[in-house]
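Per chain, numbering begins at 1; letters A, B, ... match sequence-line order. What's counted below: heavy atoms across the whole structure, side chains too, no hydrogens, waters or symmetry copies.
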Amino acid sequence: MTTTTQTLFRSYIIEEYHLTEEPYYVPTGDEIQLFEAAYESKIPVLFKGPTGCGKTRFVEYMSYRLGQSRTKISGKDATTNDSQDSKNLPLVTIACHEDLTASDLVGRYLLQGDETIWIDGPLTRAVKAGGICYLDEIVEARKDTTVLIHPLTDHRRILPIEKRGELLEAADGFLLVMSYNPGYQSALKDLKHSTRQRFVAIEFDYPEKEVEAEIVAHEAGIDLTIAEGLAKLGEKIRNLKEHGLAEGASTRLLIYAGRMIAQGVEPRRACQVSVNWAVTDDYTLQASIDEVIKSIFE
Amino acid sequence: MEELTPLQHKETVYEELHQIAPGAGEEFAKAWLSMSLVLKTDQLDVWANVGIRIARQSVRSWEVAAQYYKTSPSIVTLMPFNRFEEWARAGESICEDSSTVATCYLISSPLVLKKLRARHVAEWATMGQRLYKGTWKSSTLACKFFENSPQLTENLEIKNLDSFVSFLEYISRRSYDVATDCLNLSLDIFPILGEADEEFIALASSTAETGWRQVKNLFDATARSLPRIQAGQRHRFITLADRLRASEISNVPGTMLDMSHALSELSADYHEPVLAMSEDLLLHEPQAVPEFIKTTPQTLGRVSVSQLEQWYIEGVGILKQNHEGGLAYFRLESSTAQGMLESLSASVEFDRVQELMQMYCQALAGSDIEVAASTELAEKRIGWFSTDTPTTEGTTVYVPNVADRYPTKDENFDLFKVISTHQVARLEFGSFHFLFDLPATQFSNLRHELEKRVLEANDTHDDKTIEWVTDVQRLFNLVSDRQLALDLFTLLEGGRLDSRVVTEYLGMRRSYEKVQEDALNSRPNIKEMTARETLVEFLVRVTLRSSSNVAIPQEYHFEAERLASIAKKILLHRTTVEDTAEAMLRAYAILSKIPNREIEDEEWHDIDTGEQEDYEITAEDDENTIEQILQGMGGNLPEQSSETETTDDKEYEPSQDVDYRGDFKPEMVQLLEQLRLQQGDGSSESGDPQQITQEMLQELISNSVEMEASGNGDGTEDMTAELAENMLKEAQMSSQPTNPNRGQGPLSHIDEEGGEIDSEEPQTFAYDEWDFRADDYKPRWCLVREKVMPEGDPAYYGQTLADYSALVNQIRRQFELLVPEMFRRQRKLEDGEEIDIDDVIEAMVDIKTGASPSDKLYWRRNKVQRDVAVVFLMDTSASTAEAIDESRRGEEWDAPDDPVEYMTWLRTRRSEGVRRSYKRIIDLEKEACVMLINALESIGDVYGIYAFSGYGRENVEFYTVKDIDQPFADNVKKRIDRISPLHATRMGPAIRHATAKLDSHDAKTKLLFLISDGRPQDRGYSREGVEKEYAVHDTKRAFDEARAKNVIPFCLTVDKNGHDYLAAMCQDIGYEILDDILQLPHRLLYLYRRLTM
């Protein structure tokens, strides 16, 4: 069946997608230790924190890191001819949205030719493969969908697949991780207590200025002085939170600005388009932030 | 002639008239009856005879007589008889001149005399008469005058009307046509003239005198100009025009048109200032006024009003020197005018950038700081006096009102930014957080050693220890010459901040350097200074990064180099305020050695600040520094110490502040901060040793040189006392919001003795109540008694539905639209939860028959499942008995003014109320309730309807109309009929009870709908019976509790004054105020639909 034509894109089966290189992550506290402990004791983890502060990157990093350590252990015990596949922990990321139904997570019947076939949903795949299932922005999902994960998150570690009449037991390495941004807390988008009390919560915030500069420099490939300027800008803009700004400038935005600069865009302009205009539509606020940008960058 | 009875007399007159003209006789007969009711017999005689005389005057005059009789009844009631007689005789007299004019006079009389006072009747008649000159054209004019008199008398006072008529008369001598035209136009002008009638008539008259041909143009121009000008300013415009005419400006009408055209292009708010300036300009040069006004659209397009004023003043100055030049200036035809405009428009006014700068500074400082104009700080009188220098007192950055040093707006804005950034830097880089005990980063620490030695030295003289309150004060206590120390500290700290800013904010570098350079150029001439001042000035220039050579007396080059290297240590590294302090001590030691003597011309020798080696400070130097400072302290009294050196020493003049750095008062700021802190944590009870009293403050202030530096050297007792007081106030003010009413115990409530209530009886429930002053709940404070609403007539329900059948149908349709959304599955989707077997079969058939099958085979459940439980809580307080919206009631709702009549009227109204011919608020609530039930039944939401009222906290009545679990039945219909106004409105417990009801019910969306007609109030539902906020706070608290239980509250009120308290009561919960209460049923259902969608 394999063809020799060159494929124009790379496509993976969900659970076979691994990270091949170690993702760049700078710890800001004891989060690595906490996550490892939770993983070992199979307790699901909840990430809290503002947007763009590195939650997703952290889970990528952890999946790689845990994969590495598992390979080492199994490498010692078993034979050394370990294949590429077992090297990493599969990471299944699901972006939650308002219309996310149970079928979207668990799976559904599809028609093929004149028969129906069952297709596993991403959650089912992660449960089977024993990887990390990362539910991003969980509050966005419908509440009835969220309940589905309850049996997976306690001692049972099972996923009932109603339509097939099955109970699926989670593989050993499986761990459920959710992220959640308490910033836009509203009555409608809050996590049920029965859900949130099944997780250990790790709080994230934007890193310290020095660390952030380092991250921005690395991620954007710019020199440290510019990165320091960007980190300073981030700090200053975050000062404006609660003064008209709903959310501070995220590290991700700063990195974007850095990348624009790396591509030769003039720093002031880069910050304007990728930071200032991204964080607010308010004219006065934009003007003020513009002045801050002009003060920091030549 | 024998006595005739009135009736006989009537017959006689009638006969007589009938003979002259039958028409007149008829009118007389018609009028007679009503006249005879008002007039006495002899008066009737007079009245009748005037008519007869009129009728006899000429062939056609019987028509006038007929009109006279016809009009009389409506006139006679308006005035006493003697005036009436005047009126009649005036008519007679006019008729002698012209019967046409007389008819016009009579016809317009009733309308005119409603406005005109009776005593002016004759005057008015004469006016018309004056206009009649015997020609037919003049009779047209006179007629026109009488015809239009109703409008004229309405708008003009009699005095002005008289002068207007004189004017018309004057014009009519030249041309009747012009006079008639003017009269016509005046009808448009007078109503919009405002207060300027007199001025306008004066203007018209004087124009007429100079050139009657222009008069029509003037009227024309006025009629067209006035509407363009703001109503309140029209009189000024007219006055202006009049004065322009007086100053012999040609073509006033044309000028008026031009000016009004220009004004019409401005915003109406500008008319006032522009006219004010014009009036002023008039005194200088009338010719310039039209030019000035004509250019305002251009000038005000570029500058603000206050700037225009400056521009104007400049122009007046030019005008005084050079008449032609001034005119050209106002015509905008001079480069001075343009240049001035340019520089004005280039200036940056604080008001315009306040918001922007506020955010900017907040972002930089990272704390809650305000930005304000320096004038505000000066007004507080807490130690800062200058109104135009930038400064900060720790929480607010003060900047000048305007930056206008540079020719372009950008440069001025940059200056503004530099100024504010420097002030913010004081906060960001901790100028005011100087800690005596914190070590410096670049210098070894001499402070402690010095303090120890100073204390030792003092001990030998007397036992006095040095007291200090702030760390800065403690530092300055180490030196004898505080002024010099402060100068040094200020300039070194300024330099430090500058260098920090420039390294931290690279983008500021260019504008900062420019401002620094300018500051450098505006420094005072160093060669006029004494020796010590010279070196201080030298140091200032070093901190300003002077690159050029500075002249310094040859003798002190060594000291200057040492000073420069100390300063550079601060400028070249990331230093802290403690470094500044150490540097200050060292610089102080060097400078205090130098006598403050005059410098001879030949001594000056340039020193290059750029190239010199950095001098490393050794331990030996440190020892010298301490020695030197101690030597100064040795005399204990600063005056003595400075005089010990040489006798020809000058007194040291404080160094001039660097302009953009502004005022720097570390001691005062630290003091204020301490005061705020002291207020903030309420340490007053704990007996803190650092407690600052007003006496201490006064002493501190009088010791501090920061005050004297600000030019109030007198520093009298009163002054310091006032300052201290103001500072205390200031500190209190700024700490108040974070610390409301601390230390006040809960006060007892007058109406509210007693404690908790227990709900012993069945169907009673006790609830807590929130006391916002105590910031706590009063436990089990209110007792809610739940009762079932008694039953009434079930027909009411059907009747209401029938009355509103149109609305009911409409609502039903709208609500039914909600249903399909809830239950229908979405079919034929490409992707969904399940395969739809029907579609699959269809697709299979398609495949078998060879058609291409659809791939839309899935269905999905609708995403929102309707699961709503709602409680409607109706306020049935006594006030709901009020009739709705009185204005709607029209004529019949005319309350008499007289109190006695009012009471009878009210009683009839009240008794009517039994029949209820009008609607009360409660009626609408009931109708709304009926319609709600009808609509809710159609979509199957779970709902409950309750009414509440009560009297006092132990008696909150809570009536069930339909319980939330109860199905809709006939008894509910009967209960609705019995909803009626009861007592007071204690909302809190009612809301809590309703919330409890909802809480026991499981639904996804829970709503609590409060329908009320006013603010919550009840006996004792306030603190000390008066504070309405108590009730509002409790209600808000109850709403918050509801929200915590996942219930969404909504408040709908028909109280038009609701905005006062609803904003506080419903801070973040939905509320709506119904303007039109009749909309209640309709609106309620609309809101319900919207909330549950």
Side-chain angles (χ1 to χ4, degrees), chain A residues 97-104 106 108-111 113-117 142-145 162-163 186-188 190 192 225-226 228-229 232-245 248-249 267-268 271 280 282-298, chain B residues 353-369 371 413-414 416-418 420-421 424 428 501-512 831-835 837 839-840 843-844 847-848 853 855 857-858 860-861 863-865 1004-1006 1043-1044 1046-1048 1068-1069:
Chain A
H97 54 86
E98 282 182 338
D99 267 348
L100 191 81
T101 60
S103 318
D104 290 335
V106 176
R108 57 165 59 92
Y109 280 107
L110 292 177
L111 287 177
D114 50 2
E115 57 181 338
T116 56
I117 54 160
R142 291 164 52 161
K143 280 181 184 159
D144 53 332
T145 312
E162 209 184 322
K163 285 170 194 156
S186 74
L188 288 173
D190 205 359
K192 279 162 80 104
T225 39
I226 297 179
E228 271 168 355
K232 197 180 291 162
L233 177 64
E235 185 195 20
K236 300 298 175 199
I237 292 179
R238 282 165 211 155
N239 282 342
L240 282 177
K241 204 179 161 183
E242 309 300 321
H243 293 290
L245 213 55
R268 284 184 177 183
C271 289
T280 180
D282 181 280
Y283 178 75
T284 335
L285 210 52
Q286 280 184 356
S288 305
I289 295 176
D290 251 348
E291 289 309 323
V292 177
I293 294 172
K294 279 190 206 154
S295 291
I296 294 176
F297 293 101
E298 270 183 281
Chain B
V353 294
Q354 176 168 23
E355 217 177 325
L356 191 151
M357 290 319 284
Q358 169 95 37
M359 299 274 201
Y360 172 78
C361 294
Q362 229 152 32
L364 251 51
S367 56
D368 268 347
I369 56 164
V371 182
F413 183 76
D414 281 349
F416 224 99
K417 217 174 131 181
V418 167
S420 348
T421 310
V424 174
E428 194 184 354
V501 168
V502 172
T503 45
E504 296 278 326
Y505 299 107
L506 291 173
M508 295 285 296
R509 187 191 295 267
R510 209 165 301 147
S511 38
Y512 222 101
D831 182 20
E833 274 175 71
E834 298 273 358
I835 293 165
I837 202 69
D839 291 337
V840 173
M844 284 303 158
I847 291 168
K848 298 278 182 201
D855 51 1
L857 306 177
Y858 291 88
R860 180 194 290 261
R861 224 181 330 195
K863 63 176 179 182
V864 185
Q865 234 185 343
K1004 211 152 115 194
T1005 313
K1006 295 181 198 170
R1043 284 227 303 198
N1046 233 343
V1047 172
I1048 304 165
D1068 44 359
I1069 60 179

Heavy-atom closest contact (B:Ala363 atom, A:Leu240 atom, distance) = CB-CG, 3.7 Å
Atom group of A:Thr116 that falls short of 4.5 Å from chain B, counting heavy atoms = side chain
Is A:Ser295 reaching over with its side chain to a backbone N or O of B:Met508, donor-acceptor style, under 3.5 angstrom?
-> no
Side chains of B:Tyr505 and A:Lys294: closer than 4.5 Å at any heavy-atom pair?
-> no
Where does B:Glu504 contact chain A at under 4.5 Å (heavy atoms): side chain, backbone, both or neither?
-> both
Examine whether an atom of A:Leu110 lies under 4.5 Å from a heavy atom of chain B, and if so say whether it belongs to the side chain, the backbone or both; otherwise answer neither.
-> both
Answer key: most heavy-atom pairs under 4.5 Å with chain A among B:Leu364, B:Ile835, B:Val501, B:Val353 is B:Leu364
Honestly, the part of A:Ser288 sitting under 4.5 Å from a heavy atom of chain B is both
Part of B:Tyr858 lying under 4.5 Å from any heavy atom of chain A = side chain
Kindly check if the number of other-residue, nucleotide or ligand heavy atoms within 6.0 Å of CD (B:Glu355) is above 12?
-> no
Using non-hydrogen atoms and a 4.5 Å limit, figure out which bit of B:Leu356 sits close to chain A: side chain, backbone, both or neither.
-> both
Does the side chain of A:Lys236 come under 3.5 Å of the side chain of B:Tyr360 through a donor N or O and an acceptor N or O?
-> no
Proximity breakdown for A:Arg268 and chain B, heavy-atom pairs closer than 4.5 Å = side chain
Can you say whether A:Tyr109 sits under 4.5 Å from chain B via the side chain, the backbone, both, or neither, judging by heavy atoms?
-> both
Closest contact, heavy atoms only, A:Glu298 versus B:Leu506 = CG-O, 3.1 Å
By a 4.5 Å heavy-atom criterion (distance strictly below it), what part of B:Gln354 contacts chain A: side chain, backbone, both, or neither?
-> neither
Using non-hydrogen atoms and a 4.5 Å limit, figure out which bit of B:Arg1043 sits close to chain A: side chain, backbone, both or neither.
-> neither
Under 4.5 Å, counting heavy-atom pairs only, tell me which of A:Lys232, A:Glu291, A:Arg108 racks up the most with chain B.
-> A:Glu291
Is it the backbone or the side chain of B:Ala365 that comes under 4.5 Å from a heavy atom of chain A, or both, or neither?
-> backbone
